[in-house]
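On a predicted model such as this, the values are computed, not experimentally measured, just so you know. All ligand and atom numbering here is 1-based and tracks the order in the structure.
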Amino acid sequence: MAQGRIRKLIRIPPVSLTEFALIDRIRARSRGGDGIVLGIGDDAALLQPLAGHWLAVTADTLNSGVHFPPETLPADIGWKTLAVNLSDLAAMGAAPAWGTLALSLPHADAAWVDAFADGFFALADAHGWRLIGGDTTRGPLSLSVTAFGQVPHGRALRRDGAQVGDDIWVSGTLGDAAGALKLWQDNGLDVTRPAADADVEFLRQRLLRPTPRVELGLALQGIASAAVDISDGLLADLGHIAAGSAVGADVDATRVPLSGPLRAVLGMAGAQACALSGGDDYELCFTAAPGRREDLQRVSARLGLRLTCVGQTTAGSGVSTGRDDPGAGYQHFA
Ligand code: ADP
Ligand code: MG
């Protein structure tokens, strides 16, 4: 950490007295695991990747007031900080392995760090993802994770593999998180406590505790031709596959899966707008040859996860949402 020298030069009192105590609190929650030669505590961690695998590496930062409402509870921030990164690994078809956590905190607040760790490690432990290092500094509230995953050579799900005539699929339901955010902006949602209305509470959970589709990403190895996670909205993120694969994408907006709560709270038109253009759902969007429909039906059944075909790739470019040929074979598995 280069800050040490600058502190000495200008005599800023070190954060470190409390900083080390905070690191110890986090370290106490971390676990050992496969491939960790040396974890938290030295100048760098030492890792041994699996033979025959590539490392998938991703980083995502959440800033208070930008990526989550400032009043969001620390446990929810902890969950989401890791969830957005595991979602990127899922979209590559990679198995979560290890990662680092950079914390910028306005105050050395042990209770805040403990609550943050509750959410963060609940998700980490559920996926066998191990924290192997990080950085702790004083500053505006900001959380940054660098996550490593492993994927067998040649099996990663990239954005550039879609072929003309592939089906376009999405997991789960879309627009729920954007619906919750809209409610919050309209002062209709308190993110700090459960909502009395069950539909609103469902949407609140979808915003605060997104489920990274890790098992789906792994199951799609060898089936999907391309994949992204939906962080910025279906149309925007599918646009990355279209551009990366040099294909067009025709989406039938009426096929986009909407949850009952989203329709109940926002109505059909509002729900559809959130589903097409709202971000933060962290579902997967992927393409697959039509010959893979039965494979996908089996994956859907095994994972208990809805998979919906929402369109087809074309020889054009960009993403369009015109009504498609009704005989195009849309399917939806639950
Ligand atoms: P250095 O000054 O050598 O960079 P630090 O004092 O910043 O080391 O960190 C000491 C150890 O604690 C390192 O192993 C580092 O990876 C780990 N660490 C620091 N902050 C965090 C954090 N927020 N989460 C996990 N590990 C951390
Ligand atoms: Mg060092």
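- Between L103 and ligand 1, not a single N/O pair is under 3.5 Å apart.
- Comment: D199 does not engage R204 in a salt bridge, judged by the lack of any side-chain N to carboxylate O separation of less than 4.0 angstrom.
- Those atoms of ligand 1 with a heavy atom of F20 less than 4.0 angstrom away are 6 (O).
- Among pairs with a residue in residues 108-121, those fulfilling side chain to side chain donor-acceptor pair (under 3.5 Å) read R25-D114, R29-D118, at least two apart in sequence or across chains.
- Looking at K80 and D76, no side-chain N of the basic residue comes within less than 4.0 Å of a carboxylate O on the acidic one, giving no salt bridge.
- When non-hydrogen atoms are compared, ligand 1 lies under 4.0 Å from the side chain of I26 (C-beta onward) but not from its backbone.
- Residue contacts with ligand 1, taken as heavy atom pairs separated by less than 4.0 Å, involve I23 solely via side-chain atoms from C-beta onward.
- Comparing heavy-atom distances from atom 19 (C) of ligand 1 across A44, S144, G134 singles out G134 as nearest.
- Residues R206 and E283 are paired through a salt bridge, judged by an N-O separation under 4.0 Å between the basic side chain and the carboxylate.
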Derivation of the side chain to side chain donor-acceptor pair (under 3.5 Å) call for Q312 and D167:
CA-CA 5 Å; Q312 265 77 34; D167 292 329; 2.6 Å; yes
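- Taking the six-membered ring where tryptophan is involved, the planes of F120 and W129 are perpendicular, since the angle between them exceeds 60° and thus also 30°.
- Proximity of a side-chain donor or acceptor of S225 to a complementary backbone N or O of T287 within less than 3.5 Å is detected.
- Set against the non-hydrogen atoms of D43, the atoms of ligand 1 under 4.0 Å away are 3 (O).
- On a distance-only criterion, L101 and ligand 1 share at least one N/O pair closer than 3.5 Å.
- Counting heavy atoms closer than 4.0 Å to ligand 1, residue I132 contributes nothing at all.
- The distance from ligand 1 to the heavy atoms of D42 drops below 4.0 Å at these ligand atoms: 13 (C), 14 (O).
- Taking distance alone, with nitrogen or oxygen atoms compared against 3.5 Å, E19 stays at or beyond that limit from ligand 1.
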